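These figures come from a predicted structure and were not determined experimentally. Throughout, residue positions are numbered sequentially from 1 according to the sequence presented.
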Amino acid sequence: MDEFLRIRGARVHNLKNLSVDLPHNKLTVVTGVSGSGKSSLVFDTIYAEGQRRYVESLSAYARQFLDRMEKPDVDEIQGIAPPIAIRQKNTTRNPRSTVATSTEIYDFVRLLYARTGLTYCPTCGQLVERDTVDPVARKMLAQPDGSRWYALFPVVMFKPGDAAALRDHLFDLRKRGFNRLFQNSTVYEFSTPESLLDVDFSKPVWVLADRLVVRPDQKQRIVDTVEICYREAGEVVFEQAGEPEPKQIRFSERFSCKTCNVEFLTPEPSLFSFNNPYGACPKCQGFGNTIDYDLDLVIPDPSLSIADGAIDPWNKPQYQWMREEFIGKSRNKVRATVPYVDLKPAEKSVVLDAIRRFFLEVETKKYKVHVRVFLSRYRGYTQCPACGGSRLRPEALNVRVGGKTIAEIVRLNIAEAKDFFDNLEQAPEQAAIAEKVMVEIRQRLKFLNDVGLQYLTLDRLSATLSGGEAQRIQLATCLGSRLVGATYVLDEPSIGLHSRDTERLIRILEELRDLGNTILVVEHDADVMRAADHVVDMGPGAGELGGLVTFEGTLAKMLSGSSKKSASLTAKYLKGDLSTSLKTERRPVDPKRVLKFYGCRANNLQNIDVEVPLGMMAVVTGVSGSGKSSLVHDVIHRTLETRYRRDLSKEGAKQEDEVLAQKAEKQTCRKVENAELIREMVLVDQSPIGRTPRSNPVTYCKAFDVIRELFASTPEADRRGYTAGHFSFNIAGGRCETCQGDGTVTVEMQFLADVELICEDCKGTRYKSSVLDVRYRGMNIHEVLGMTIREALAFFADQPKLVSRLKPLSDVGLGYLRLGQSATTLSGGEAQRVKLASHLTQADSKGMLYLFDEPTTGLHFDDIAKLLDAFERLIHNGASLLIIEHNLEVIRHADWVIDLGPEGGSGGGRIVTAGTPEQVAQCAESYTGQFLKTLK
């Protein structure tokens, strides 16, 4: 293969006939400001062409089931290897998919349990095993030399009174050479039928197969006897002869308990699969939860005692008598004045039993509407009572490896599971069977641990993972597959990673490269750039001002050149000529304007008290899995949203809305203070601003309304009777009805890529020709929508209402977007900044609390500088900001930092330190502080 991946004449999106050579088997970072063309080069050109070539190599039948891609607009691509794209998106919505299943770890664990697991009887705890012939012979030869034994197998039991069947069975046994029965240490001869009169056939009766004397030369005889008994009945019992209390040893080829005589299922991989009807719990069908009364809704605040109203349904006026009655009757069983969370398991059992009986009693009156509404408040998805959330049938939980069931294994986080399998010791025979399986399990757990996901539990639902977590799971899975000669294309893998964890990610990328793969990473993190073999900087600007390579080569070469002559913005920031933040003064905390949350306990948060100062920029940080999202989303956002809904319901909301508010109220903190200081709360995340091609930035910012009004005010529009609605492509009137305002018509081509044709009637303009005749300063509505935001600001400079709505988009670094650009083409970071810009248009933001989740996603150093300026404007307008962030520049710029940790998962959930960035930097226990201290 050629040493380089050569691209010639790429013109996808804003790429300007770009040509570049990327080295094979190297780690290449493609960087540049937002909108400079990074994704257009890496994903829409290189990956798209590689994928297209792969799909075209398949049969026409296979191609119809795969995504079809058009050939990218490029003259030539040489030396392309099979591409694998790992994006910053979590598209999994399957409720059966978990971390363990998506990484294939669960498949190997199932195989391990099926082949080496030990089954234990749930009744007596005895090990259940199948006795094969040779081990049976060895155990008998180990008995005292010269001891005498009867070898027996059971007579088939018949229904009482079925003498004919019993007689026929005994006759059949005699024909096969068995002439003696055995019961209560007494032998009965078939040859004397009258002796059988003393046999009690209502109790167990045995056939005497042989009399044995234990001697070393008797091994073959014992083997033959055991085989005969197994053939006849599947089991053999040896009873010692001539002893007043004879010793009895039982062996069975059946997989059954020797003590309870209960037969068990033979472990197979399907027994441990909750996606297979054979292994899934019959009650919940393998989902692990059912719709029932949710304890989190019934007891929303476990810090309360029963006397203080911990059990919510008993707080209702019509059921308060139940609480008093329970306290009176259970005075000696349950401490009613102790917080529910501190009650002993036996006490909780009494409480839960009373709750269960209460709901059963209420259900007898559910023919009444108000009773059904009352019951619905406490119903939700709750843990399946049959399988305890394990998803598996009970028989699967009888099997253990290393003393743990498979359900206990998947409840471990990755770090704990890695430790368990690394130290797992098995018998030599089992270890030999499990050797290859253990290699796969340990290898995959190591990779997941190395990419900083050690805090995730194996049974964590894939749908609940963030985009960054999903990307790193894919990365670890790719490492586990050990592919060689592939091109891996990654989209900002460092997003969601603390600086401490970025080092681990770099090692994984280097390991993937060293296997013999080409790694292309779209990235802005300085540490990842320093680890790269090759750097490509796109620019110099965004949109129409980008699409060129401003630098290509090693990082050392980039830093050695003169940044004054260089067009590379990245080089200027890396060398320190430019800085994203130079803020040193902090806003003082006003003690009267501090949000206080007490007893925060969502997910891994460990009952912590959190203070969020208002009127400033506060940042929540910490290592991956430390509890940042749990605090901001599950505690702060949910608590304030619930309070807001309550206020609405007091103002006369419908009964259904009140029920919804009750259902949303799974309290995750004990108490909140000063919530009345918040007039409105806004969560600004990276979800799309629209899910259809009709959505665009100007419609989201309400700027399109002003533009349509300007066109409707022209003399030509007035003469034709056109209103503002005629200049919308979303409603009938002025839009082209052939394409319904889309501008294109899609033709499905089955196994070929769908053909998207420009509408013949409107030629892609979306409007009727008569509407396009209306011009504002020489431009029709289609031409205006084709302008960039920067161009529109100059064109509409004398329209302050429109400028005020467009300028914030430019201020947050989105001046390169076109007014009519489809929302579906925007990245997550761009969508987030469009939302931010829409809020910047508000002159007064007093009492507003903005919650941001990783706003620097997809942002270059230069874009972060603009973002911080936008944040300062929001605060100047009276708003308060709470931001989840790992970017050290943003943390340094903050007025207040809340550092969670110290580790992820069960090792996190605590406040390591809180204060100004300077105070955090002095905390020796804070990983964030250690990295802040290194900033110049």
Geometric cation-pi criterion Arg379 and Tyr293, 6.0 Å radius, 45° cone: yes
Val187 and Arg211, any side-chain heavy atoms less than 4.5 Å apart: yes
Within 6.0 angstrom of Arg372 CZ, more than 12 heavy atoms from elsewhere: yes
Axial cation check for Phe272 ring with Arg391, 6.0 Å and 45° limits: no
Note: Asp422-Lys446 ion pair, threshold 4.0 Å (strictly below): no
Donor + acceptor pair across side chains of Arg221, Thr225 (<3.5 Å): no
Residues Tyr120, Val128; criterion side chain to side chain contact (heavy atoms under 4.5 Å, CB included); working and verdict: CA-CA 5 Å; Tyr120 291 87; Val128 178; 5.8 Å; no
NZ or CZ of Arg96 within 45° of Phe287 ring axis and under 6.0 Å: yes
Test: Lys139 cationic atom under 6.0 Å from Phe251 six-membered ring centre, within 45° of axis: no
Test: Glu440 and Arg444 ion pair at under 4.0 Å: yes
Note: Arg115-Glu268 ion pair, threshold 4.0 Å (strictly below): yes
Non-hydrogen side-chain atoms of Arg335 and Asp342 separated by less than 4.5 Å: no
Side chain to side chain, Ile355 and Ile299, heavy atoms closer than 4.5 Å: yes
Donor-acceptor contact below 3.5 Å, side chain Thr290 vs main chain Asp292: no
Glu469 versus Tyr455, side-chain donor and acceptor atoms under 3.5 Å: yes
Exercise: identify the closest heavy-atom pair between Pro246 and Gln240: CB-O, 3.2 Å
Residues Asp459 and Thr457: side-chain donor-acceptor under 3.5 angstrom: yes
Ser390 and Arg411: CA distance, side-chain angles, deciding distance, side-chain hydrogen bond (donor to acceptor under 3.5 Å, both in side chains) verdict: CA-CA 9 Å; Ser390 70; Arg411 289 192 186 110; 5.2 Å; no
Ionic contact status for Arg176 with Glu232, cut-off 4.0 Å: yes
Shortest non-hydrogen contact between Val341 and Lys348, atoms and distance: O-NZ, 3.7 Å
Arg180 bridged to Glu189 by N-O distance under 4.0 Å: yes
Thr132 and Glu253 side chains, donor-acceptor separation under 3.5 Å: no
Side-chain heavy atoms of Asn413 within contact of Glu416, under 4.5 Å: yes
Donor-acceptor under 3.5 Å (Lys258 side chain, Gln126 main chain): no
Closest heavy-atom pair and its distance - Ile473, Ser102: CG2-OG, 4.1 Å
Near-ring test Phe178/Phe153, centroid separation under 6.0 angstrom: yes
Donor-acceptor pair, side chain of Thr668 and main chain of Asp634, under 3.5 angstrom: yes
Nearest-0.5 Å distance, CG of residue Leu424 to CG of residue Asp419: 11.0 Å
Side-chain touch Ile406/Tyr106, heavy atoms, less than 4.5 angstrom: yes
Minimum-distance pair of heavy atoms, taken over all atoms of Pro267 and Thr119: CG-OG1, 3.8 Å
Nearest heavy-atom neighbours spanning Ser330 and Val350: OG-CG1, 4.3 Å
Side-chain donor-acceptor contact under 3.5 Å, Ser202 with Asp200: yes
Residue pair Asp312 / Tyr378, side-chain donor-acceptor N/O under 3.5 Å: yes
Validation row: Leu265, Arg393 side chains within 4.5 angstrom (heavy atoms): yes
Chi angles and distances behind the side-chain hydrogen bond (donor to acceptor under 3.5 Å, both in side chains) call for Thr116, Gln426: CA-CA 9 Å; Thr116 68; Gln426 294 179 292; 3.2 Å; yes
Note, Lys247 side chain near Trp149 side chain (heavy atom, < 4.5 Å): yes
CA sep, side-chain torsions, deciding dist, call: Val205, Phe182, side chain to side chain contact (heavy atoms under 4.5 Å, CB included): CA-CA 6 Å; Val205 182; Phe182 186 90; over 6 Å; no
Salt bridge flag under 4.0 Å for residues Arg357 and Glu361: no
Close side-chain approach of Phe326 and Val334, heavy atoms under 4.5 Å: yes
Under-4.0 Å salt bridge between Lys333 and Glu347: no
